[in-house]
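Chain identifiers are assigned alphabetically (A, B, ...) following the order of the sequence lines, protein sequences preceding nucleic acid strands; residue numbering begins at 1 within each chain.
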There are 2 protein chains.
Amino acid sequence: MDNDVKELRVAAGLSQRELAEALSVSRQTVNSIETGRYDPSLPLAIAIARHFARTVEEIFHVD
Amino acid sequence: MDNDVKELRVAAGLSQRELAEALSVSRQTVNSIETGRYDPSLPLAIAIARHFARTVEEIFHVD
DNA sequence: GGTCCGTGTCAAGCGTGCTTGACGTCGAGT
DNA sequence: ACTCGACGTCAAGCACGCTTGACACGGACC
């Protein structure tokens, strides 16, 4: 599972902290997802997709 | 988070056991997801969506 | 030099996702 | 009455998702 969260966040001009606040999670969670430390939970993945107006499948890719 | 897994599975004429095998998870996992015991992980949610040729968002709904 | 901000990472702790193995119940078929 | 498949559920155990708090580093700006 890799993802395009970092690219989307940077393109939106947001810091990890700002995205974390928008998603109501910690900055470390955003960082961990971006750096591939672990996959988000399903509800968080859906929240991320909604935030960037994409589908889950467009952002998260099974290897 | 509720979901349409049970409806889709029944419509496809599959038992929980058969769906579990198709997804390479245990029968209890399929049952737990259908009965709302917990949400699937992101990779499993994507696998379920693919199996039924739907998007994740079409199957899993945030309350 | 000193002070930010943004990022990467660590540790400890808690709840959840998933496993195997097991048991009870119900309906269908014999 | 018996068996069998399908389903719901429990328990114990392990790995992961997420938290708070902390530390280190680089770049920008004074």
Please state how far atom [atom1] in [X] lies from atom [atom2] in [N], giving the value in whole angstrom units.
X: A:Glu34; N: D:dG17; atom1: CD; atom2: P; answer: 16 Å
X: B:Leu44; N: D:dC16; atom1: CG; atom2: C1'; answer: 14 Å
X: A:Leu23; N: D:dG17; atom1: CG; atom2: P; answer: 16 Å
X: B:Ile33; N: D:dT9; atom1: CD1; atom2: P; answer: 15 Å
X: A:Arg27; N: D:dA24; atom1: CZ; atom2: P; answer: 15 Å
X: B:Met1; N: C:dT16; atom1: CE; atom2: C1'; answer: 14 Å
X: B:Tyr38; N: D:dC18; atom1: OH; atom2: P; answer: 16 Å
X: B:Leu14; N: D:dC7; atom1: CG; atom2: C1'; answer: 15 Å

Give a yes or no on whether the backbone of [Y] and the side-chain of [X] come within a donor-acceptor separation of less than 3.5 Å.
X: A:Glu58; Y: A:Thr55; result: yes
X: B:Thr29; Y: B:Val25; result: no
X: A:Asp39; Y: B:Leu42; result: no
X: B:Glu18; Y: B:Ser15; result: yes

Original post:
Looking only at N and O atoms, is any donor in the side chain of A:Arg37 or the base of C:dG8 less than 3.5 Å from an acceptor on the other one?
Top reply: no

Subject >> Side-chain donor/acceptor of A:Gln28 to base of D:dG21, under 3.5 Å >> reply: yes

Quick one: is [N] close enough that its OP1 or OP2 comes under 4.0 Å of any side-chain N or O from [X]?
X: B:Lys6; N: D:dA6; result: no
X: A:Ser26; N: D:dC18; result: no
X: B:Asn31; N: D:dC7; result: no
X: B:Arg17; N: D:dG8; result: no

**OP:** With heavy atoms under 4.0 Å as the rule, sort A:Ser41 into base, sugar-phosphate or nothing.
**Re:** sugar-phosphate

Original post:
Which part of the nucleic acid does B:Thr29 contact within heavy-atom distance under 4.0 Å: base, sugar-phosphate only, or nothing?
Top reply: base

Subject >> A:Thr35 vs B:Ser32, nearer the 5' end of DNA chain C by closest nucleotide >> reply: A:Thr35

Original post:
B:Ser15 side chain: which of C:dC18, D:dT9, D:dA6 is closest?
Top reply: D:dA6

Original post:
Closest nucleotide of DNA chain D for A:Ser24 versus for B:Arg9: which of these residues is on the 5' side?
Top reply: B:Arg9

Subject >> Verdict with supporting geometry, B:His61 and B:Met1, side chain to side chain contact (heavy atoms under 4.5 Å, CB included) >> reply: CA-CA 5 Å; B:His61 316 286; B:Met1 283 275 324; over 6 Å; no

